[in-house]
Structure formats: C-alpha cells, structure tokens
Amino acid sequence: MPELPEVETVVKGLKDKIIGKQIESVTELRVNTLYNHTDENVWDCSEVIIDITRRGKYILINVGNRFNFVVHLRMTGKLVYAEHEQISPHTRAVINFRDNTLLQFEDIRTFGSIKAYNIDATDPAILKLGPEPLLEEFNANYLNEVLQKKKSPIKTILLDQTVIAGLGNIYVCELLYRINIHPLTLGNRLTKAEVKRVITATKEVLAEALIHNGTSISDFRNIDDKPGSFQKFLRVYQKKQCPKGHAIERIKIGGRSTFFCPICQKSK
DNA sequence: ATTGCTTCCTGAGCGC
DNA sequence: TGCGCTCAGGAAGCAA
C-alpha cells in the first residue's frame, strides 16, 4: 500500500528514467483506468515529459507544460519502466514513448487511476489535501488547532488526507507506537506535548522510510520492480511482539486494522 | 458540520 | 486437492 515514502520513491525513479521523453501514445487496457479531464485528445499528444512531482500520495507528471497526468496508486498500483513491452494480466494502461521505451501501469485490485488535467487545473481531491508532513507547515500549532475540534480517534484523524497528506495505515500505526500514544485516544484529548510528539514522530518515521525506499508489504515495488526495505524496521505493524517483547494487539479502528502495544501505548 | 459506514476489486490465506 | 469464506485497504459517496 503505497504511502508517502513509497510514492516519493516512485517519483525519484521516474525522474531518473522518463524526464525528457516524448510521448507516442497512452493506451488503456482496462476500462476506468484513464480519465481525460482536458478538452483535447490528450492520450495521443506528442508532448515531452517535463517533470514529475508528488503531492500527498498523488504523482503529478508534467506533460509538455500543458497537462498534468495525475496518478494515484491506491492499494496495488505500480508504475513499471521497461525497455520492451511486457504486458501482464494486471497491466491497466501503458505510456509509450517515441524511443520505444514505455511505462506500464499495473494494478491488481484496479483502484488506481491516471487522470489528465490541463496544467492550470488539478484534481479536486488534491486541492483538499492537508499540509505535507515533511514541510515546516506541518507543525504543532497547526495540528493542535485541528485536533481541538476533533472527537474521533487520533488513528482515524491521521489517516484523513485533508488533515495531513500522505500517511497511510502502516506509518500511522508505527508513529503512534514510537510516542506511546494509544490509537483510540480522541483527538481533542491529546495534550500539547503529545501533539508535539506526533509531529516529531511523523517526520522521523517518514524520513527513515524514505532512506530505505519505502516499505514493501503486500506488493509495493519501485519502477525497476525492486522492493523497499523499511519493512525490516517496522515495530508494530503486522508484528506479534513490540521491540520490548510485549504482545501486540490488533483491533479495527474505522474499519482499518490497527496494530499497537497495550503496554507501551497506554494514554487514552 | 462532522463522523462513520459502505463500496469498489482481486489474490492470499485459512479451515474443512 | 479444491472449494468457499474472510480479509486487506484509500478515498469517494452517502447516511446519520
């Protein structure tokens, strides 16, 4: 399940491989993968890839400074760069370049998509995103103000992309363990000191995961189909024991599996 | 306005 | 061996 570090890893790989390449065509192998929100036949444009950036979990491919291809990998989406076509049963779309290389969009569960927008427009969901966790704009003053109004569990709040952009289930479980906060703690019950710890732990866990090219649980791969390695450093997610040897508990919060240590994470 | 549940989808893992 | 069941999960859409 690609979260911020995994998406950022994909973006870095794309920058190395496809900047400057001219598009030949974009083809859809499964319906409801490509969405054209421009008024042009954008999938047949001959534009050049200018840049690739990230916002939250969204990948933004700048095409000829005229369009953005907005890619969301959701659960199982992958972008795979290839010198030769290697269509699999899960290939949903292919971006063909003039030099005969290509970028394949693979997606087992088919939740992902590629949406084209004019360069001055954007996906409405992106406009609603909260701050980037690794920037200074994600700070204790901001989060404290948001949490004061929230009566839902901190676990649920941190998964809300309009509060903070880019976190998913793995990193929220991990960061709450690191600061000994119980995932069911209500947002408005966190102390100012705890809010500061949330900020610090969020930035730390994401930075560490970035160094290791993300977490490859389920089937995350970078564009060379290589896995990340942060799964080696997980402390609670899908674990039986925390690093101190306590038994991990697994509960559902907001329909999501939540892993935590009932001994280390007591505040509630 | 805010919160929370359901839905989309397919493969893995499990019990029998 | 193989069938059927449950589960995983981001975020849109809808209901309360």
Side-chain angles (χ1 to χ4, degrees), chain A residues 1-10 28-35 37 54-60 70-79 87-93 105-115 117 122-130 132-133 143 145-176 183-190 206 209 214-221 227-228 230-231 234 236-240 248-260:
Chain A
M1 59 213 81
E3 307 177 31
L4 186 153
E6 292 76 36
V7 175
E8 183 69 27
T9 299
V10 170
E28 183 178 58
L29 279 67
R30 188 192 196 275
V31 292
N32 297 328
T33 302
L34 301 182
Y35 296 86
H37 296 284
R54 179 192 60 75
R55 177 76 173 98
K57 301 176 196 171
Y58 294 83
I59 298 166
L60 303 161
V70 178
V71 184
H72 200 303
L73 303 173
R74 293 291 184 111
M75 308 299 306
T76 52
K78 289 193 268 187
L79 288 169
I87 301 296
S88 86
H90 306 304
T91 307
R92 308 306 182 194
F105 181 60
E106 315 272 331
D107 191 9
I108 293 171
R109 289 182 213 170
T110 74
F111 288 179
S113 61
I114 302 177
K115 300 179 180 180
Y117 292 88
T122 193
D123 192 312
I126 292 181
L127 293 175
K128 294 183 198 151
L129 291 176
E132 281 291 322
L143 189 60
E145 197 161 308
V146 172
L147 291 185
Q148 278 176 2
K149 297 175 273 184
K150 296 276 187 186
K151 293 170 186 167
S152 40
I154 186 66
K155 167 80 193 307
T156 305
I157 298 168
L158 293 175
L159 286 174
D160 182 345
Q161 302 299 300
T162 68
V163 172
I164 169 174
L167 293 181
N169 206 29
I170 296 175
Y171 295 110
V172 172
C173 288
E174 290 295 311
L175 80 90
L176 289 176
L184 282 173
T185 311
L186 301 184
N188 59 8
R189 300 292 295 277
L190 266 74
L206 292 177
T215 302
S216 286
I217 276 186
S218 135
D219 47 11
F220 167 70
R221 295 291 186 277
F230 193 68
Q231 62 276 13
L234 297 177
V236 288
Y237 187 82
Q238 290 186 354
K239 296 291 177 189
K240 291 267 191 287
I248 294 295
E249 246 179 63
R250 174 183 184 156
I251 57 174
K252 290 266 187 190
I253 302 178
R256 297 283 168 268
S257 280
T258 304
F259 297 82
F260 70 103

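Protein chains get the first letters and strands the later ones, always in sequence-line order, with residue 1 at the start of each.
Rounded to whole Å, the distance from NZ on K155(A) to C1' on dG9(C) is 10 Å. Between the CD1 atom of I126(A) and the P atom of dG10(C) there is a distance of 17 Å, given to the nearest Å. A straight line from CG of L73(A) to P of dG9(C) spans 17 Å, rounded to a whole angstrom. To the nearest angstrom, P of dT2(B) lies 16 Å from CG of L186(A). Here dG9(C) presents its C1' atom at 15 Å from CD1 of I253(A), a figure rounded to the nearest Å. Per the geometry, NZ belonging to K149(A) stands 7 Å off P belonging to dT2(B), to the nearest Å. The CG-P distance, from L167(A) to dG9(C), rounds to 15 Å in whole Å. If you measure from atom CD of E3(A) to atom P of dA11(C), you get 9 Å, rounded to the nearest angstrom.
Considering OH of Y58(A) and CG of L129(A), their distance stands at 6.0 Å, rounded to 0.5 Å. Atom CD of Q238(A) sits about 5.0 Å away from atom CZ of F259(A), to the nearest 0.5 Å. Taken to the nearest 0.5 Å, the CD1 atom of I253(A) stands 4.0 Å off from the OG1 atom of T258(A).
Closest heavy-atom contact between A93(A) and T33(A): CB-CG2, 4.0 Å. Across E132(A) and A165(A), no two heavy atoms sit closer than the pair OE2-CB, 4.3 Å.
The phosphate of dG11(B) (OP1 or OP2) has a side-chain N or O of H90(A) nearer than 4.0 angstrom. Residue H72(A) places no side-chain N or O under 4.0 Å from the OP1 or OP2 atom of dG10(C). When the side-chain nitrogen and oxygen atoms of R109(A) are compared with OP1 and OP2 of dA11(C), none of them lie within a distance under 4.0 Å. Distances shorter than 4.0 Å separate none of the side-chain N or O atoms of T76(A) from OP1 or OP2 on dG9(C).
Distance from the side chain of R250(A) is smallest for dA8(C) among the nucleotides dA11(C), dT3(B), dA8(C). The K57(A) side chain lies nearest to dA11(C) when the options are dG4(B), dC9(B), dA11(C). For I108(A), whose side chain is taken as the heavy atoms from C-beta onward, the closest listed nucleotide among dC7(C), dA12(C), dT10(B) is dT10(B). Considering only side-chain atoms of Q161(A), the nucleotide from dC9(B), dA11(C), dG11(B) that sits closest is dA11(C). With dG10(C), dA12(C), dC9(B) as the candidates, the nucleotide lying closest to the side chain of R256(A) is dG10(C). Distance from the side chain of F111(A) is smallest for dC8(B) among the nucleotides dG11(B), dA8(C), dC8(B). When distances are taken from the side chain of P153(A) to each of dG4(B), dA12(C), dG9(C), the shortest belongs to dG4(B).
Between G255(A) and R74(A), it is G255(A) whose nearest contact on DNA chain B lies nearer the 5' terminus.
Contact annotation for R92(A): no contact, since no heavy-atom pair falls under 4.0 Å across all strands. Residue T156(A) is classed as having no contact, given no heavy-atom separation below 4.0 Å to the nucleic acid.
Side-chain contact, Y171(A) with E6(A): a donor N or O sits under 3.5 Å from an acceptor N or O.
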